[in-house]
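Just so we're on the same page: letters track the sequence lines, and every chain starts at 1. What you see is a predicted model, and the numbers here were worked out from it, not measured in a lab.
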Amino acid sequence: MTGPLLEIADLRVAFRSARGISEAVRGVGFTMGREKLGIVGESGSGKSLTGRSVLRLLPPGAMLSARRLAFDGIDLLGAAPSAMRELRGRRIAMVMQDPKFSLNPVMTVGHQIAEAYLAHKRASAAEARDKALAMLEAVRIRDPQRVYGLYPHEVSGGMGQRAMIAMMLAPDPDLLIADEPTSALDVTVQMQVLAILDDLVSERGMGLIFISHDLRLVASFCDRVLVMYGGRVVETVDARRLGEARHPYTRGLLACLPTLEGGEGELATLQRDPAWLTAP
Amino acid sequence: MSEAAAPREWRAWLTAEAPSSRLHARSVRAYATARIFLRNPLALAGLALVVALLAIAAAAPLLAHGDPVAQDLARRLKPPSAAFWFGTDELGRDIYTRILYGARITLGIVSLVVVIVAPIGLLVGCVAGYLGGIADVVLMRVTDVFLAFPRLILALAFVAALGPGIENAVIAISLTAWPPYARIARAETIVLRDSDFISAARLLGASPGRIVLLHVMPLCLSSMIVRVTLDMAGIILTAAGLGFLGLGAQPPSPEWGAMISAGRKFILDQWWVAAFPGLAICLVSLGFNLLGDGLRDVLDPKQR
Amino acid sequence: MIEVDRLTVEFDETRAVDAVSFRVEKGEAFGIVGESGSGKSTVLRALSGLNQHWSGGMVIDGEEQSQHRTRAFHRHLQMVFQDPYASLHPRHTVDRALAEPLRVHGVGDREPRILRALREVGLGPEHRFRYPHQLSGGQRQRVAIARALILEPRVLLLDEPSSSLDVSVQAEILNLLQRLRRERTLTYVLVSHNLAVVAHLCSRVAVMNAGRFVEELDVAALRARRTQHPYTAQLLRASEGYDRAAAAALVTFD
């Protein structure tokens, strides 16, 4: 495969409100290959909107524009709705935060995975079922037959999220966008789900965009990290060299986290500089 | 001070980010709500119709062409003309004038019903929802009893017992109109009961009465207001129905329902006798419905 | 200040809290760490009197507590909730939210008290008549803290006070809580799933799993990784960020 998996240049998302037009994403640009890219920011930084822009799944009233928005060479900005529907799910997939809200509550888990598969590949119902069971195994669910027939409210958060991952990866996409996929989970379950994501992404050679507010977690999981503030990317840093980050916002964010090693002294607080909103 | 400066100062005061007092805070909030409301053309239309009803009812003597009960058999069943804008009825009374005065009766019935029904329904529902347990069961069964009566049947029973008349019509309608409000209030209260701010209020040591009155009820008010407004149309129609059956306002009272009933006999040749009161009822119901829809869009918490 | 003896809370047929016992000295900050479903929030709710279906012994400030609490009790023990948006009444201004505890307990000179409470949590008079939806998450949590402290309680229960907040705001709130505890000699019981937060504010920690305390230790020991129960060790490892090998070694307890 030649060329980057995803190319974004000068991405802007704006909303019209009573007070005029406000831009939530202001000129975000990056390219990525088949790697694990993390996007980190606080609430209001525009990180979720950036992820959704790739799939063109923005809330109504959002205005999207970019100099370039291309997936595997395909222009996403000018793509027709039918072309986008082809891409969504089959080549670009998305996992969201809380499986309680992203899984259909009236369909069994297994059935949903099979449906996701059938939506993109021609197969018989039996083949889809087998594929769903295989996916459940791939996400390390111990008793796939039993879990196949469970409803979303009958499974734990970690299992629901793994089912969600199974569902999204069934059609074998090239890019997975994960928006806070583990934020609603307990720490130990978080680790397990991340391990599964790690393995699956490596095995299949997929690209992964990992959106989170947790800078340390993202740095320990991804290859590269984009730090967003006020709708812009303020720094791009290699995950292993997070300690060498230079932007004051990144450094401030790192400094104000409580750690086990740190004593009981006062935590450093972030001093927001308005210049961060405009400086390149 | 220039003319332009005064409204600008008002606007600045009403859109202040940091209000300086409770009254200021409330005004800012009311202004914001009003602005959203005013953007909805249908809601404005509804508001206009309702305001028109109020204005007509208030100014009836000024707008009317004489006495609503003055009969003149010489000019009975005359069609609409310059002298009689809506024509005359079977006793020669001016229909236009009667409709104007009828607005007062309609408004009176509707206001009385609402004033009785809404507070009772709200209180019963909130108390039942908050206390739960045996209080909830008892109150809801009482509500069920009243809910089981169809309005007109109960009204008939009342009339048989106490005789016809507007007061009895109001009581009859009220008795069957309050249960739905209790149910709505109870459903909302049950959801609110488990929220953290109610827990915080309990933790302060506030008594259940205080919590229900000051913390829970204000939150149920929005849906109450919307439901009441939307129900107005139904109440008007029920009152008209009672009047039509001769159970509400008694002749020669110009109640719209009674006027339609009287005009039934002439509907083919002298259509105006029944048509104009019918049109009045339609317009007023429509107005309240539009207003209610507009209020719901504005007061619905999900949209804020 | 707080003595809990074999506290048990049962929901339907499961024991959300199973014979939990601990002591908190006056002026101490005691942390309870556990994952979701461990029962830690239920312990707080039982302590505060919000949950009245518990059994066991509870002595707070020298007084034996029953399921029902007196109004006077609430002057001495208050709670800060996790979600700052949900814990403030959406139709009450900040001023009203702060005046309510004073009104309920018949405390006079409300005006100076409210202004002082706002100042102590780092807010100003310009915030006084705002509604919760006009405040940021951090500001709302400050209001919640001000409300909890306006009656000058001796004990403050904190249910994940900073979990719903942005990282940068979290630090401010934690600093605020620390300062207030020192200034007013408050006793804290802090519940969190975040070991680092608990280690920062507290001196002793209990680790909770499936309704039981699996281990109680000093924060110093926690920092030195001198843990005894494997669940605690696992929790520590998981808090250190993602590590493929560590993830593989994780075991599910119960």
| note | Of A:Asp214, A:Asp199, A:Leu253, the largest count of non-hydrogen pairs under 4.5 angstrom with chain C goes to A:Asp199

| message | Please classify the contact between A:Leu257 and chain C as side chain, backbone, both or neither, with a heavy-atom cut-off of under 4.5 Å. | response | side chain

| query | So with a 6.0 Å cut-off around CZ of A:Arg204, is the heavy-atom count from everything else above 12? | reply | yes

| query | Is it the side chain or the backbone of C:Leu201 that comes within 4.5 Å of chain A heavy atoms, both, or neither? | reply | neither

| Which atoms form the tightest heavy-atom contact between A:Pro258 and C:His200, and what is the distance? | CB-CB, 4.3 Å

| query | Under the side-chain contact (heavy atoms from CB on, under 4.5 Å) criterion, do C:Val167 and A:Glu42 qualify, and how do the steps go? | reply | CA-CA 7 Å; C:Val167 164; A:Glu42 300 185 292; 4.2 Å; yes

| request: Counting only heavy atoms closer than 4.5 Å, note whether C:Leu165 contacts chain A via side chain, backbone, both or neither. | output: neither

| Proximal component of C:Glu172, with respect to chain A [non-hydrogen, under 4.5 Å] | both

| request: Looking only at non-hydrogen atoms, find the nearest pair between C:Asp166 and A:Ser43 and report the distance. | output: OD2-OG, 2.6 Å

| note | Under 4.5 Å to a heavy atom of chain A? For C:Arg179 that would be neither

| field | Where C:Ser168 and A:Cys256 come nearest, the two heavy atoms and their spacing | value | CA-SG, 3.9 Å

